[in-house]
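All remarks here apply to the structure that follows.
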Amino acid sequence: MLYFILKYLHIVGASVLLGTGAGIAFFMLLAHLSGDRALIAGVARIVVIADFLFTATAVVAQPVTGFALVWYLGYGLGEHWIVLSLILYLVTGAFWLPVVWIQMQMRDLAVAALQEGGALPPRYFRLFRTWFVFGFPAFAAVLSILWLMIARPQQIW
């Protein structure tokens, strides 16, 4: 029963990471494309909350449940698919942490532009481009980890 509980929690965590990441990207992109400062400010506010509430929780739960599963199933941490998963997890984090900060900055800039009645500043657009570019490697890493988690290939390199 412990195995199924751990596996369930691990799969839910992976689903939250993938789903929240995809949802946040979709809504932020659409808000940005609208050019509406109020919409951008509102969506960015919600996105930041969602990242802290859902993504951050899953970010903590994944290694906890993953290491518990490795221990329970008797895998070694040196297994190729586990090592690559951990590397990709660190890659994801290296892109996700700046993205959270960028989202907060974009939110603040949109709120300020709205309150002042002015246009979004050039810094907002620079931040958006970085946010957009950072999403691709982070999302690709999460998809790769999911594949590794499901396939558990014996040899990778």
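The basis for the numbers below is simple: all heavy atoms, side chains too, and nothing from hydrogens, waters or symmetry mates. Remember, predicted model here, so these are calculated numbers, not experimental data.
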From CA spacing to verdict: side chain to side chain contact (heavy atoms under 4.5 Å, CB included), Val142, Leu88: CA-CA 7 Å; Val142 170; Leu88 289 169; over 6 Å; no
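- Within a 6.0 Å radius of CZ in Phe132, no more than 12 heavy atoms belonging to other residues, nucleotides or ligands are found.
- Under the 4.5 Å side-chain heavy-atom criterion for grouping Ile, Leu, Val, Met, Phe, Trp and Tyr, Tyr3 is connected to Phe67 within one hydrophobic cluster.
- Nearest heavy-atom pair, Gln154 versus His80, reported as atom, atom and distance to 0.1 Å: O-CD2, 3.7 Å.
- In the hydrophobic clustering of this structure, Leu33 groups with Ile102; members are Ile, Leu, Val, Met, Phe, Trp, Tyr whose side-chain heavy atoms approach within less than 4.5 Å, directly or through other members.
- Note on Leu69 and Ile82: same hydrophobic cluster, where clusters join Ile, Leu, Val, Met, Phe, Trp and Tyr whose side-chain heavy atoms are under 4.5 Å apart, directly or indirectly.
- In this structure, Arg126 and Thr130 have side chains that are not in contact, with every pair of non-hydrogen atoms separated by 4.5 Å or more.
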Worked check of side chain to side chain contact (heavy atoms under 4.5 Å, CB included) between Glu79 and Val83: CA-CA 6 Å; Glu79 303 257 350; Val83 170; over 6 Å; no
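- Side-chain atoms of Thr55 do not come within 3.5 Å of backbone N or O of Phe52 as any donor-acceptor pair.
- Cluster membership check: Leu29 shares its hydrophobic cluster with Phe136, using side-chain heavy-atom separations under 4.5 Å among Ile, Leu, Val, Met, Phe, Trp and Tyr.
- In this structure, Thr92 and Ala141 approach most closely via the heavy-atom pair OG1-CB, 3.2 Å.
- No side-chain heavy atom of Met106 sits less than 4.5 Å from a side-chain heavy atom of Ile40.
- Summarising the geometry, atom CD belonging to Gln103 is positioned 14.0 Å from atom CZ belonging to Arg45; distances are rounded to the nearest 0.5 Å.
- Under the 4.5 Å side-chain criterion, counting only non-hydrogen atoms from C-beta, Trp96 is not in contact with Phe139.
- One distance of note links CG of Leu97 with CG of Asp51; it measures 10.0 Å at 0.5 Å rounding.
- Among all heavy-atom pairs drawn from Ala58 and Gly13, the shortest one is CB-O, 3.6 Å.
- Rounding to the nearest 0.5 angstrom, the gap separating the CH2 atom in Trp71 from the CG atom in Leu77 is 13.5 Å.
- Listed for the Arg152 side chain is no donor-acceptor partner under 3.5 Å among the backbone atoms of Trp147.
- Contact of the Val59 side chain with the Tyr89 side chain is registered, since non-hydrogen atoms from C-beta on lie closer than 4.5 Å.
- Summarising the geometry, atom CG belonging to Leu84 is positioned 5.0 Å from atom CG belonging to Leu148; distances are rounded to the nearest 0.5 Å.
- Contact detail for Ala44 and Arg107: the closest heavy-atom pair is CB-CB, 3.5 Å.
- Ring geometry, Phe128 versus His32: the interplanar angle falls under 30°, so the pair is classed parallel (tilted spans 30 to 60°).
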Chi angles and distances behind the side chain to side chain contact (heavy atoms under 4.5 Å, CB included) call for Val111, Gln115: CA-CA 6 Å; Val111 167; Gln115 290 172 343; 3.6 Å; yes
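- Counting only distance, with no hydrogens or angles, the side chain of Tyr124 and the backbone of Asp108 share no donor-acceptor pair below 3.5 Å.
- Taken to the nearest 0.5 Å, the CG atom of Leu6 stands 13.0 Å off from the OH atom of Tyr8.
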CA sep, side-chain torsions, deciding dist, call: Phe54, Leu17, side chain to side chain contact (heavy atoms under 4.5 Å, CB included): CA-CA 8 Å; Phe54 299 109; Leu17 283 176; over 6 Å; no
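- Residues Ala14 and Leu146 approach most closely at CB-CD2, 3.5 Å, considering heavy atoms.
- In this pair, Phe134 and Phe95 present their aromatic rings perpendicular. The plane angle is above 60°, beyond the 30 to 60° band.
- At least one donor-acceptor pair closer than 3.5 Å links the side chain of Thr65 to the backbone N or O of Gln62.
- In this structure, Leu39 CG and Phe27 CZ are separated by 11.0 Å, a value rounded to the nearest 0.5 Å.
- No side-chain heavy atom of Val16 sits under 4.5 Å from any side-chain heavy atom of Thr57.
- By the criterion of side-chain heavy atoms lying less than 4.5 angstrom apart, applied directly or through intervening Ile, Leu, Val, Met, Phe, Trp or Tyr residues, Val99 is not grouped with Leu53; the two fall into different hydrophobic clusters.
- Residues Ala50 and Thr20 approach most closely at O-CG2, 4.3 Å, considering heavy atoms.
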